[in-house]
Protein chains: 2
Amino acid sequence: MLKLTRKVEYALIALRHMQNKEPDAISSTKEISEMYDIPLELLAKTLQLMARGGIVNAVQGPTGGYKIKAKLENINMIEFFEKIEGPLGLMDCYFDSDCTLISACNIRSPIKKINDNMRSMFENMTVGEITQ
Amino acid sequence: MLKLTRKVEYALIALRHMQNKEPDAISSTKEISEMYDIPLELLAKTLQLMARGGIVNAVQGPTGGYKIKAKLENINMIEFFEKIEGPLGLMDCYFDSDCTLISACNIRSPIKKINDNMRSMFENMTVGEITQ
DNA sequence: TGTTAATCCGATCAAATTGGTCGTATAAAT
DNA sequence: ATTTATACGACCAATTTGATCGGATTAACA
Ligand code: FES
Ligand code: FES
């Protein structure tokens with residue numbers, strides 16, 4: 001409960017890795033995968049998600065790889081999580097209203113309170129400050 | 001990712017239900033289960049966990065059930081979550097150090113930052129203020 | 001005192017989510 | 001052309017969570 005997924009962890013590792021290099025240096029999936037002992041395919045997927053989300057640039061072909069594209073200080077953690085894992089909410093009833101409890105539920109507004117607090121906490125946290 | 005479990009939801013529902021009654025009124029598992037359409041056995045387990053954790057009192061026998069024991073304003077959400085779901089951490093490496101990434105991981109301290117922020121947020125939130 | 005209705009508890013099964021793999025297509029450097 | 005790497009979808013495995021079952025224990029009440 002309330003755990004981050006591996007994909008998020010791998011994404012952060014990769015970003016931090018790239019941040020410690022020259023701004024335009026390219027890091028291949030393989031390089032990162034080996035250095036941190038991460039399954040290559042899964043890391044590849046994660047990097048692709050970040051590329052699609054405009055966080056990194058993909059460079060194809062041999063000598064290819066990824067480099068950071070966005071200003072990491074401008075990306076808050078909610079955006080980051082959602083690019084990688086999709087919509088974020090403590091309970092399904094926030095993005096998917098077929099919650100069977102919905103009719104009788106007496107804690108929708110309480111849960112909303114917790115949810116809002118959590119979101120605003122992550123909104124005030126940028127990827128840049130986490131990985132730097 | 002970052003979701004609450006059903007058990008936590010059921011626990012909150014039950015507490016809120018009891019809070020709307022006379023202080024010493026007893027609510028049976030069945031009563032709550034039917035009113036909110038919650039699987040009886042699972043709700044029972046959850047109530048048992050709360051009883052063991054000193055949050056509610058169990059009254060056995062026919063006409064038995066549960067009533068609130070603790071001052072809900074004195075229980076913070078971390079304590080609450082941990083009574084019901086056990087140790088809480090964004091990554092396993094916090095309570096269980098056999099994380100295979102541990103040797104090479106470059107984001108332990110970043111993750112720790114997020115984790116600490118989240119914990120302190122939940123520590124400053126009491127069950128009482130959520131369910132009231 | 002026997003019956004009944006409730007909690008208690010562990011074991012176990014099912015469903016959902018997450019983690020990881022595979023095969024193939026595509027792009028680019030040499 | 002060949003090689004090396006990303007791109008991408010389909011797929012399988014492992015873990016976690018959700019739910020169920022069977023039986024033991026407790027206490028109210030006829
Ligand atoms: S139905 Fe979503 S919190 Fe109860
Ligand atoms: S090993 Fe725990 S955050 Fe990387």
- Dot-bracket assigned to DNA chain D with the 3.5 Å Watson-Crick/G-U criterion, [ ] for crossing and | for other-strand pairs, is ||||||||||||||||||||||||||||||

- Message: Just to verify, what does A:Glu85 make a salt bridge (Lys or Arg N to Asp or Glu O under 4.0 Å) with, not counting sequence neighbours?
- Response: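 Per chain and number, A:Glu85 pairs via salt bridge (Lys or Arg N to Asp or Glu O under 4.0 Å) with no residue.
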
- Query: Taking only side-chain nitrogens and oxygens of B:Ser28, does any of them come within less than 4.0 Å of OP1 or OP2 of C:dA6?
  - Reply: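 No.
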
- Item | DNA chain D: 5'-proximal contact among A:Pro62 and A:Glu41 (nearest heavy atom) |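 The answer here is A:Pro62.
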
- Is there a side-chain polar atom (N or O) of B:Tyr66 under 4.0 Å from OP1 or OP2 of C:dA6?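 Checking B:Tyr66 against C:dA6: no side-chain N or O falls below 4.0 Å of OP1 or OP2.
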
- Whole angstrom is fine here: how far is it from NZ in A:Lys45 over to P in D:dA7?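 Rounded to whole Å, this separation is 11 Å.
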
- Item | Nearest-angstrom distance from the residue atom CD of B:Gln60 to C1' of C:dT7 |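 For the pair B:Gln60 CD and C:dT7 C1', the rounded distance is 5 Å.
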
- Query: Starting at CD of B:Glu9 and ending at C1' of D:dT17, how long is that distance when rounded to a whole Å?
  - Reply: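 So the CD-C1' distance, B:Glu9 to D:dT17, works out to 14 Å.
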
- Looking at A:Thr5, does any N or O in its side chain come under 4.0 Å of the phosphate oxygens OP1/OP2 on C:dT18?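 For C:dT18, neither OP1 nor OP2 has a side-chain N or O of A:Thr5 closer than 4.0 Å.
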
- Nucleotide C:dT21, atom C1' - distance to CG of A:Leu43 in whole Å: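 Rounded to the whole Å, the gap is 14 Å.
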
- Item | Closest approach of B:Ile111 to B:Leu90 (non-hydrogen atoms, all atoms of both residues) |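 In this case the closest contact between B:Ile111 and B:Leu90 is O-CD1, 4.3 Å.
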
- Message: Once rounded to the nearest 0.5 Å, what's the spacing between atom CD of A:Glu129 and atom CG of A:Asn76?
- Response: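 Spacing of CD (A:Glu129) from CG (A:Asn76) equals 10.0 Å.
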
- Message: Under a 4.0 Å threshold between the charged nitrogen and the carboxylate oxygen, would B:Arg119 count as salt-bridged to B:Glu82?
- Response: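 B:Arg119 and B:Glu82: salt-bridged.
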
- Message: What is the separation between atom CZ on A:Arg6 and atom P on C:dT21, rounded to the nearest whole Å?
- Response: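 So the two atoms are 12 Å apart, to the nearest Å.
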
- Query: In whole angstroms, how far is the P atom of D:dA19 from the OH atom of B:Tyr10?
  - Reply: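 In whole Å, D:dA19 P lies 4 Å from B:Tyr10 OH.
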
- Would you say C:dC8 has OP1 or OP2 under 4.0 Å from some side-chain N or O of B:Arg52?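 It does not, given that no N or O in the side chain of B:Arg52 lies less than 4.0 Å from OP1 or OP2 of C:dC8.
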
- Task: Identify whether the distance between the nearest side-chain nitrogen and carboxylate oxygen of B:Glu22 and B:Lys67 falls below 4.0 Å.
- Result: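 Salt bridge flag = no for B:Lys67 with B:Glu22.
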
- Lys/Arg N to Asp/Glu carboxylate O, A:Lys21 vs A:Glu31, below 4.0 Å: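 A:Glu31 and A:Lys21: salt-bridged.
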
